[in-house]
Amino acid sequence: MSYRTTRRQVLSSAIASTISSASFGVDYAHAAEDSLSARFSKNKLHFGSAVRIEEAVKDQVFRNLLLRECNYFTPEVELKWDAVERSPGSFDFRSMDALTDFALTNNKQLRGHTLLWHLSVPHWATSLLPEKGGWSFLQRYLQAALSRYGNAIAEWNVINEPIETGYRTDGLRSSIFLQAFGVDYIARALWEARRLAPRAKLLINEFGLEYDLRVEHERRYHFLKLLERLRQAGVPLDGIGLQAHLDLSKGALSADVLGRFLKEIADLGLFIVISELDVKEHEYILPVEQRDNRVAEETRRYLDVAFGQPAVRGLITWGLSDRHSWLQVTQEDVARYPNAWKDGSTPGVNRGLPFDYSLEPKPMYRAIADSVRRRR
């Protein structure tokens, strides 16, 4: 069933009423000259953010910010298997339809995220996948998602986080997919995606590949070996999503190590998207200005290398504002720094995205803008 022919009939009443109101066709000037979307477009790149449609619906200021700064949106949860098929054969695409409508109404593009991820398998499917004929349940989901949005989404993260070090010689994660279908599940899913969306670009999305640490050396090695095997076998794979969840506790980035890794991906004939950029802080007790500068410098170090690689096509941040970041301060952080937020000057949120909790730009925003400018 196509999204384009059914979208108005399946939206939830709350979201549908907002979409149909004047507030969803927002009154905002075309992307300002200094917005990130405009800066990236000048350099033939795209910039975007992960989005949850309910956050865009309920907060008009945040919605306008998304529309001004981004030309791409990634659904944070709306397309994941456990979000759309909570019971066998019963699909609920209302939230994804709403996000798609929001994007297309405002001339934005969407990325498909994510189809096979070991952490988004519906509870009911975990016991059924290993059984004879278990592939049919996964195939039904792929058919439903790819066929529905084939005209609206041109780029899909088909496989998410297939690598795990320390367990297997091939570095593959011992996920429910590997257990049920063996090592060929990745190729099989990519072929299925190509059949269902023949014009789409198909990607593998992975994390933990940035730092000059032993475990990340191993992850890069196994990831590249996986890509080599797939390319040699002629499997339909067009690009790579590098999540880039940066972490200030891991030490300094090595430009040489990261640059070589990006080149090795590019040499395989694959394009690259920086797909989930954010920065996890380490010392929350520091003054806000110092915290923000550390986040900005880490962002700058990474992007100066990434944008030096011609195969990189764009950047997606995993959220646009600290208000909606998944990187919230934990109870462990509070215990480590019991006096850090008592004066109210530093709210208990991780400050690792371009805009702060009040939707004001931070030094990270400038670091992104400066890095893409230097690509010229």
Side-chain angles (χ1 to χ4, degrees), residues 1-4 6-7 10-12 14-16 18-19 24 37 46-59 62-63 65-67 69-86 91-122 141-161 193 196-197 200-205 207 239 241 243-245 273-278 314-321 323-326 353:
M1 187 176 292
S2 170
Y3 156 76
R4 291 185 180 277
T6 62
R7 61 187 185 186
V10 297
L11 300 180
S12 68
I15 293 176
T18 307
I19 289 177
F24 220 54
S37 61
H46 63 259
F47 176 80
S49 171
V51 178
R52 293 193 184 212
I53 186 59
E54 67 269 18
E55 293 168 352
V57 165
K58 68 185 179 183
D59 186 337
F62 179 61
R63 183 163 70 245
L65 184 69
L66 287 168
L67 293 173
E69 296 295 334
C70 302
N71 49 28
Y72 263 76
F73 296 139
T74 294
E76 188 170 342
V77 297
E78 286 84 351
L79 258 179
K80 292 172 180 173
W81 191 6
D82 59 350
V84 301
E85 193 181 4
R86 294 187 177 92
F91 289 97
D92 183 352
F93 285 110
R94 286 177 294 178
S95 291
M96 187 60 206
D97 282 349
L99 179 57
T100 306
D101 201 68
F102 173 55
L104 298 187
T105 298
N106 290 285
N107 299 313
K108 308 299 182 181
Q109 297 192 60
L110 283 164
R111 300 186 73 248
H113 179 82
T114 178
L115 296 174
L116 271 69
W117 187 35
H118 63 285
L119 294 181
S120 67
V121 178
Y141 160 60
L142 296 175
Q143 170 79 37
L146 287 159
S147 298
R148 188 177 190 84
Y149 300 105
N151 292 325
I153 297 177
E155 185 175 296
W156 290 82
N157 291 336
V158 179
I159 310 292
N160 199 50
E161 301 175 3
L196 294 166
K201 300 298 184 182
L202 309 180
L203 291 85
I204 295 177
N205 196 50
F207 79 102
Q243 293 182 19
H245 292 297
V273 175
I274 310 304
S275 58
E276 303 185 19
L277 175 70
D278 55 20
L315 168 64
I316 306 293
T317 55
W318 205 244
L320 197 60
S321 161
R323 181 185 298 184
H324 302 301
S325 174
W326 72 291
L353 288 170

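Count residues from 1 along the sequence. Just so we're clear, the structure is a prediction, and the values are computed from it rather than from any experiment.
- Nearest heavy-atom pair, A193 versus L146, reported as atom, atom and distance to 0.1 Å: CA-CD1, 3.7 Å.
- Applying the side chain to side chain donor-acceptor pair (under 3.5 Å) criterion to S275, with sequence neighbours excluded, gives N205.
- Partners of Y72 according to the side chain to side chain donor-acceptor pair (under 3.5 Å) rule, which considers only residues two or more places apart in sequence or in another chain, are Q109.
- Here OG1 of T105 is found 4.0 Å from CG of D101. Values are rounded to the nearest 0.5 Å.
- Residues forming a salt bridge (Lys or Arg N to Asp or Glu O under 4.0 Å) with E155 (at least two apart in sequence, or on another chain): R111.
- Atoms CD1 and CG, on I159 and L202 in that order, are 9.5 Å from each other to the nearest 0.5 Å.
- No side-chain heavy atom of Y141 sits less than 4.5 Å from a side-chain heavy atom of D82.
- At distances below 3.5 Å, not a single donor-acceptor pair connects side-chain atoms of K108 with backbone N or O atoms of F102.
- Partners of H46 according to the side chain to side chain donor-acceptor pair (under 3.5 Å) rule, which considers only residues two or more places apart in sequence or in another chain, do not exist here.
- Between N160 and F207, the closest side-chain pair of non-hydrogen atoms is not below 4.5 Å.
- Note that the CZ atom of R86 and the CZ atom of F91 stand 12.5 Å from one another [nearest 0.5 Å].
- Between H245 and W326, the two ring planes are perpendicular [angle over 60°; tilted spans 30° to 60°].
- Between the S49 side chain and the L320 main chain, a donor and an acceptor come within less than 3.5 Å of each other.
- Across V57, I53, L79, a single residue satisfies side-chain contact (heavy atoms from CB on, under 4.5 Å) together with L99, and that is I53.
- Atom CD in Q243 sits 11.0 Å away from atom CD1 in I274 (nearest 0.5 Å).
- The CZ atom of R63 sits 12.0 Å away from the NZ atom of K58 when rounded to the nearest 0.5 Å.
- Annotation: salt bridge (Lys or Arg N to Asp or Glu O under 4.0 Å) contacts of D59 (sequence neighbours excluded): R323.
- Closest approach of L353 and L277 over heavy atoms only: CD2-O, 3.9 Å.
- Scanning for side chain to side chain contact (heavy atoms under 4.5 Å, CB included) contacts around E76 gives A50, R52, W318, with sequence neighbours left out.
- Considering every non-hydrogen atom in both L203 and G241, the closest pair reads CD2-N, 3.8 Å.
- Minimum heavy-atom separation, N157 to T114: O-OG1, 3.1 Å.
- Rounding to the nearest 0.5 Å gives a distance of 4.0 Å between CG of D97 and CZ of R148.
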